[in-house]
Novice: 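Pasting in a structure now, in structure tokens, and then I'll have a few things to ask.
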Amino acid sequence: MRAIIILTFIFLTNNIFSQNYFEYKKERNLFNLKLISKNQKILSYKKINDSERFQGRYLGEVKTNQGKYYIVISSFIFNLKNSPSAENHIFIYTDKKQFFGYYYLSHINELPTILKKCKLYFDNKDCKEKNIINLDNGFPKAINLKCNGENNYYELNK
């Protein structure tokens, strides 16, 4: 009997947390799609609650040899009241505005600033190097955002 109660508790707890995480992903996706549909190229915010928010902007569309894609930079900022932290991504959507993939970046200042002629331009003020990623041949499996001589590789997640 005790084992059944413990298993039920674990199941319910796991189910509750996984639903919250799913909703977070869904809300972030809707935020990103809204940036694309409104052609929102200035930084936009969406308050979730007093200690969490989304922020992002639409960089533009890119035509590669694999098709047309939309690129959004987006951050989930949490713990705003104490010591703010962020999850930062470069999101990629197909021409039908379906999720294609993302690059997860460690720091908000690593996000690209410009998309121009099939190239992502990164301008991290903390780094000597200016990184440029060419997207003519599609999205690389990994990008290297070199900073002060150190390699920082980020994989494309689908």
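Source: prediction; values computed, not measured.
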Novice: Under the 3.5 angstrom rule, does the side chain of Glu110 hit a backbone N or O of His107 as a donor-acceptor pair?
Specialist: yes
Novice: Using a cut-off of 6.0 Å, state whether more than 12 heavy atoms not belonging to Lys63 lie near its atom NZ.
Specialist: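 Open.
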Novice: Any luck finding a side-chain donor-acceptor pair between Ser44 and Arg57 under 3.5 Å?
Specialist: no
Novice: For Gln66, look at atom CD and say whether over 12 heavy atoms of other residues, nucleotides or ligands are found less than 6.0 Å away.
Specialist: yes
Novice: Group every Ile, Leu, Val, Met, Phe, Trp and Tyr by side-chain heavy-atom contacts under 4.5 Å, then state whether Leu120 and Ile73 land in the same group.
Specialist: yes
Novice: According to a 4.5 Å side-chain heavy-atom criterion applied to Ile, Leu, Val, Met, Phe, Trp and Tyr, with indirect links allowed, do Phe31 and Phe78 form part of one hydrophobic cluster?
Specialist: yes
Novice: So with a 6.0 Å cut-off around NZ of Lys46, is the heavy-atom count from everything else above 12?
Specialist: yes
Novice: If you apply the rule side chain to side chain contact (heavy atoms under 4.5 Å, CB included), what do you find for Glu27 with Ile48, and how did you get there?
Specialist: CA-CA 9 Å; Glu27 288 301 315; Ile48 299 166; over 6 Å; no
Novice: Test your reading of the model: is there a side-chain donor-acceptor pair from Asn144 to the backbone of Asn152, 3.5 Å cut-off?
Specialist: yes
Novice: Ring centres of Phe100 and Tyr69 under 6.0 Å apart?
Specialist: yes
Novice: Taking atom types as modelled and ignoring hydrogens, do the side chains of Asn88 and Ser75 form a donor-acceptor contact shorter than 3.5 angstrom?
Specialist: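 Short answer, yes.
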Novice: Are Leu105 and Val62 in one and the same hydrophobic cluster, where Ile, Leu, Val, Met, Phe, Trp and Tyr link if side-chain heavy atoms are under 4.5 Å apart?
Specialist: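 Yes; tracing contacts between hydrophobic side chains, which count when under 4.5 Å, links both residues.
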Novice: Any side-chain heavy-atom pair from Ile108 and Leu111 closer than 4.5 angstrom?
Specialist: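 Heavy-atom side-chain distance check passes, below 4.5 Å.
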Novice: Under a 4.5 Å cut-off applied to non-hydrogen side-chain atoms, are His89 and Arg28 in contact?
Specialist: yes
Novice: Is there side-chain contact between Thr64 and Asp136, with at least one heavy-atom pair below 4.5 Å?
Specialist: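 No; the side chains remain at least 4.5 Å from each other.
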Novice: Show the numbers, then the answer: is there a side chain to side chain contact (heavy atoms under 4.5 Å, CB included) between Lys119 and Ile133?
Specialist: CA-CA 5 Å; Lys119 291 180 176 74; Ile133 305 296; over 6 Å; no
Novice: Would you name the heavy atoms of Asp123 and Lys130 that are closest together and state the gap between them?
Specialist: OD1-NZ, 2.7 Å
Novice: At what distance, to the nearest 0.5 angstrom, does CZ of Phe91 lie from CG of Leu35?
Specialist: 11.0 Å
Novice: Taking all non-hydrogen atoms of both residues, which atom of Ile77 and which atom of Leu80 are closest, and how far apart?
Specialist: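 Where Ile77 meets Leu80 most closely, the heavy atoms are CG2-CD2, 3.4 Å.
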Novice: Nearest heavy-atom pair of Cys127 and Asn148: which atoms, and what distance?
Specialist: CA-OD1, 3.5 Å
Novice: Taking a hydrophobic cluster as the set of Ile, Leu, Val, Met, Phe, Trp and Tyr residues connected by side-chain heavy atoms closer than 4.5 Å, whether directly or through intermediates, do Leu156 and Ile71 fall within one such cluster?
Specialist: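 Yes; Ile71 is reachable from Leu156 via cluster members.
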Novice: Hey, would you say the Phe76 and Phe54 ring centroids sit under 6.0 Å apart?
Specialist: yes
Novice: When you compare the side chain of Tyr154 with that of Ser106, does any pair of heavy atoms fall below 4.5 Å?
Specialist: yes
Novice: Does a side-chain N-to-carboxylate-O contact under 4.0 Å join Lys141 and Glu155?
Specialist: no
Novice: Could you give the distance from NZ (Lys38) to CD1 (Ile36), rounded to the nearest 0.5 Å?
Specialist: 13.5 Å
Novice: Distance only, no hydrogens: is a donor on one side chain within 3.5 Å (strictly under) of an acceptor on the other, for Tyr24 and Glu87?
Specialist: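 Checked: Tyr24/Glu87 side chains pair up, N/O donor to acceptor below 3.5 Å.
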Novice: Roughly how far, to the nearest 0.5 Å, is CG of Asn29 from NZ of Lys34?
Specialist: 13.5 Å
Novice: Quick check: closest heavy atoms across Tyr103 and Pro140, and the distance to 0.1 Å?
Specialist: OH-O, 2.5 Å
Novice: Check whether any side-chain heavy atom of Glu23 lies under 4.5 Å from a side-chain heavy atom of Lys25, and answer yes or no.
Specialist: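 No - every pair of side-chain heavy atoms lies 4.5 Å or more apart.
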Novice: Can you give me the closest heavy-atom contact between Thr94 and Tyr70, atom names plus distance?
Specialist: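 Heavy atoms only, the tightest pair is O-CD1, 3.2 Å.
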Novice: For the hydrophobic clusters of this structure (ILVMFWY residues joined by side-chain heavy atoms under 4.5 Å, transitively), does one cluster hold both Leu59 and Phe122?
Specialist: yes
Novice: Heavy-atom distance under 4.5 Å between the side chains of Ile92 and Phe139, does that happen here?
Specialist: yes
Novice: Calculate, to the nearest 0.5 Å, the distance between atoms NZ and OG belonging to Lys81 and Ser51 respectively.
Specialist: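 Taking NZ in Lys81 and OG in Ser51, the distance rounds to 6.5 Å.
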Novice: Looking at every non-hydrogen atom in both residues, tell me the closest pair between Pro84 and Asn82 and how far apart they are.
Specialist: CD-O, 3.7 Å
Novice: Within the 4.5 Å heavy-atom criterion, are Asp50 and Lys47 side-chain neighbours or not?
Specialist: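 With C-beta onward as the side chain, the pair touches.
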Novice: Checking Tyr93 against Asn32: is there a side-chain donor and acceptor pair closer than 3.5 Å?
Specialist: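 Yes, a side-chain donor-acceptor pair sits under 3.5 Å.
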